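Only one structure is covered here, and it is reproduced in the block below.
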Amino acid sequence: QVQLVESGGGLVQAGGSLRLSCAASATIFRFNAMGWYQQAPGKQRELVAGITRGGIINYADSVKGRFTISRSIAKNTVFLQMNSLKPEDTAVYYCAASDASPELAASLVEYWGQGTLVTVSS
């Protein structure tokens, strides 16, 4: 059973930065895609950033230019660098991995991390 373990969340002031990490218990190259979802209070889980096995990256419009997804295949880890954070970025961030979906569609995500809370104060 694959496990995804996130770290790096916390409390930060608006305009600040955080870096999230997601360590996988298996080689991340096995996945068709990995990425990050965010779930704000009372809202559905939404895809923030994804990276395919081939290295194709996509971002939600709300984070383009501020967030950067990257990976270390050697360390089986995916990162999310979050800059210029806004209060509306406050959410639980979940690492996700899919064997089936390069688009990382939520319904096709087989593996989820436990989530890490990011709180951005104004």
Side-chain angles (χ1 to χ4, degrees):
Q1 179 71 9
V2 173
Q3 291 187 326
L4 304 176
V5 180
E6 301 110 331
S7 60
L11 173 63
V12 64
Q13 289 188 332
S17 298
L18 284 174
R19 189 191 196 206
L20 305 183
S21 299
C22 171
S25 61
T27 173
I28 62 174
F29 216 65
R30 63 166 278 180
F31 302 118
N32 216 329
M34 291 188 72
W36 295 90
Y37 274 77
Q38 66 174 195
Q39 187 166 22
K43 295 188 177 181
Q44 288 189 332
R45 205 171 287 192
E46 296 182 341
L47 180 63
V48 171
I51 182 168
T52 69
R53 180 187 294 127
I56 298 172
I57 290 172
N58 67 88
Y59 296 102
D61 288 342
S62 59
V63 306
K64 283 180 180 176
R66 300 189 299 121
F67 290 11
T68 303
I69 188 171
S70 62
R71 65 187 177 186
S72 168
I73 295 174
K75 295 182 179 181
N76 294 322
T77 301
V78 174
F79 305 97
L80 186 67
Q81 178 67 44
M82 304 187 294
N83 298 329
S84 302
L85 283 161
K86 304 175 181 179
E88 51 264 43
D89 296 320
T90 295
V92 177
Y93 285 75
Y94 295 92
C95 181
S98 177
D99 290 324
S101 172
E103 296 83 14
L104 209 59
S107 60
L108 297 177
V109 169
E110 294 95 338
Y111 310 105
W112 293 97
Q114 80 283 1
T116 186
L117 177 63
V118 171
T119 303
V120 184
S121 63
S122 58

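Values in this document were obtained by computation on a predicted structure and should not be read as measured data.
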Sequence neighbours left out, cut at 3.5 Å: what donor-acceptor pairs do the side chains of residues 115-122 make with other protein atoms?
{"residue": "T116", "atom": "OG1", "partner": "G9", "partner atom": "N", "Å": "3.2"}

Any T77 side-chain heavy atom under 4.5 Å of I28 side chain
no
Approximate separation, where rounding is to 0.5 Å, of I56 CD1 and E103 CD
10.0 Å
Kindly work out whether a path of hydrophobic side-chain contacts (I/L/V/M/F/W/Y, heavy atoms less than 4.5 Å apart) joins V48 to Y59.
yes
Can L80 be reached from L104 by stepping across I, L, V, M, F, W or Y side chains whose heavy atoms are under 4.5 Å apart?
no
Compare every heavy atom of S84 with every heavy atom of S17, then report the nearest pair and how far apart it is.
OG-N, 4.3 Å
CH2 of W112 to SG of C22: how many Å apart, nearest 0.5 Å?
11.0 Å
Should I57 and V78 be counted in the same cluster of Ile, Leu, Val, Met, Phe, Trp and Tyr side chains packed under 4.5 Å apart?
yes
Using the side-chain hydrogen bond (donor to acceptor under 3.5 Å, both in side chains) rule, collect all pairs that involve residues 61-70, keeping only residues at least two apart or in two chains.
D61-K64, R66-D89
State, to 0.1 Å, how close V109 and S98 come at their nearest heavy-atom pair, and which atoms those are.
CA-CB, 4.2 Å
Heavy-atom side-chain contact between R53 and F31 under 4.5 Å:
no
Linking I/L/V/M/F/W/Y whenever any side-chain heavy atoms sit under 4.5 Å apart, do V12 and V92 land together?
no
Look at the side chain of R19 and the backbone N and O of Q81, then say whether any donor-acceptor pair between them is shorter than 3.5 Å.
no
side-chain hydrogen bond (donor to acceptor under 3.5 Å, both in side chains): which pairs involve residues 22-39, sequence neighbours left out?
R30-D99, R30-Y111, Q38-Y93, Q39-R45
Would you check if L4 and M34 make a side-chain contact, meaning some heavy-atom pair closer than 4.5 Å?
yes
Would you call L85 and F67 a side-chain contact if the rule is heavy atoms closer than 4.5 Å?
yes
Above 12 or not: heavy atoms from other molecules or residues under 6.0 Å from CD of Q114?
yes
Walk me through it: do M82 and L20 pass the test side-chain contact (heavy atoms from CB on, under 4.5 Å)?
CA-CA 8 Å; M82 304 187 294; L20 305 183; 3.7 Å; yes
Do I69 and L18 share a hydrophobic cluster (ILVMFWY, side-chain heavy atoms under 4.5 Å, transitive)?
yes
